[in-house]
Amino acid sequence: MKNKIKNIGNAKVTIGTESFELPIYSGSKGAPGIDVRGLHKASGHFTFDPGFTSTCSTESQITFIDGGKGQLLYRGFPIEQLAENSSFLEVAYLLINGELPNAQQNTDFKRTITNHTMLHDQIEQFFHGYRRDSHPMAMLCGTVGALSGFYHDDAHTTEDESRNMAMHRLIAKMPTLAARAYKYSIGQPHVYPDNSLSYAGNFLNMCFSVPAEKYKISPTIENAMDKIFILHADHEQNASTSTVRLAGSSGANPYACIAAGVACLWGPSHGGANEACLNMLREIGSVDRIPEFIARAKDKNDPFRLMGFGHRVYKNFDPRSRVMQKVAHEVLDELGLKNPILDVAKELEKIALEDEYFIEKKLYPNVDFYSGIVLSALGFPTSMFTVLFALARTVGWISQWNEMLEDPSQRIGRPRQLYTGATERDYIPMDMR
Ligand code: CMC
């Protein structure tokens, strides 16, 4: 990656009687950033930003979000256009390489990915080490990390060839691992990948076919699955992506870095939100109970939050939620499902969007508000929701990991702290405590 940030002036910081000039950098879009790298050396002061609400951790050319406008671009292309016109593998190629593939590149990329869909047979033994009621995310986290034991050569992160191999293997094997985790958790035999199917079709087949009965793939469902993957493919420097970058900044094995990303994604404030959102919609159950839950969300003394609402970056509509809302209707129509939960979701969205509390705090539905409904209609249990997110986000994680390793300004990530613990004191012998 060639660094492209431009110096557009200096910021003056005054600490006590001393002033310091700090360079201001701008990218091609979005807010500029003040370069504080030299601040500690010059002034002896750190910057303090827990939660990184005002900190750019890196320069990146992959994904852009304008939270105020509700805009999401992958390599410059609006998410709505990509969801409408492209496929997940095309988007994967775009995120990794920076440009959409031409017809030949597209065919070659598909063939390469398809060549790596199978797992080493010994991976099966890792699954058998898990309790049968283990969460599929636990299995995914462990088994993707375990791939590091199988592909030592891919760890030579300074070589393009090794990095490409790791990226291709991860895109190809994540669906197989995810489907295996699902099958193991419900006690069904492993279904091998079928390379004659599309990426999404193959994944659905591995999840829903059984040796006794073929799974008939509906084009609407296959298309919905592919769109869900596209919508979740990348989201700039979110918690799990930053985790992957931080793990990778030490030169760690790529499969281990992705395992770290899976672990971070698992939490309910991040990838676990759609599972939490669907559980919440089920708990609400009927439209007449919505005011009670809105009141709880507004009550400062109640820890309850409306799941699927709010976002650290989007302070306008999450553009992914619009696409997801459309997909929800397509899937429910195709399956002929009358889902009372969808009625609750629609009414909740309407009420929350008109409520002063939500307007003032700029809390809009995020992608997870509708994705849980779609995934549940496709036949996935809630425990699989975050697994599907991880499968799709793997493409973003490895693109960002690769970009970081190609960045000449890259250094190992090492934040500092404001220490508030005990000051220096002498050891107290056991009999005197
Ligand atoms: N329901 C009710 N109040 C909320 C909600 C919500 N969902 N989200 C934020 N608030 C309130 C919060 O109480 C705070 O109020 P106050 O200023 O009076 O203290 C204010 O809005 C700002 O919230 P915050 O927690 O400081 O905002 P944040 O940027 O740290 O959190 C968030 C972002 C997504 C974690 C949060 O909005 C949330 O917990 N939402 C529900 C969980 C969810 O849907 N997460 C999925 C995120 S999208 C998927 C992804 O990209 O990972």
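Since the model is a prediction, treat every value here as computed from it, not as a measurement. Every number for a ligand or one of its atoms is a count from 1 in the order of the listing.
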Below 30° counts as parallel, above 60° as perpendicular, anything between as tilted: where do the rings of [X] and [Y] land?
X: H40; Y: F46; value: parallel
X: H270; Y: F389; value: perpendicular
X: Y151; Y: Y255; value: tilted
X: F293; Y: F304; value: perpendicular

Can you tell me if [X] contacts ligand 1 (heavy atom of the residue under 4.0 Å from the ligand)?
X: L306; result: yes
X: Y357; result: yes
X: K298; result: no

Geometry only, no angles: is [X] polar-contacting ligand 1 at N/O separations under 3.5 Å?
X: G308; result: yes
X: K315; result: no
X: V367; result: no

Provide the number and element of each atom of ligand 1 under 4.0 Å from a heavy atom of A273.
43 (C), 44 (O), 45 (N), 46 (C)
Tell me which one of H270, R305, H235 gets a heavy atom nearest to atom 50 (C) of ligand 1.
H270
Identify the heavy atoms of Y314 and I65 that sit nearest to each other, and give their distance.
CE2-CG2, 3.4 Å
At a non-hydrogen distance cut-off of under 4.0 Å, which region of L363 contacts ligand 1 (side chain, backbone, both, or neither)?
side chain
the protein heavy atom lying closest to atom 47 (C) of ligand 1 turns out to be N366 ND2, 3.7 Å
Protein residue, atom and distance nearest to atom 17 (O) of ligand 1, heavy-atom basis:
K361 NZ, 3.6 Å
N195 CG to H116 NE2 distance, which is reported to the nearest 0.5 Å:
11.0 Å
Is there a protein heavy atom at a distance of less than 4.0 Å from atom 26 (O) of ligand 1?
no
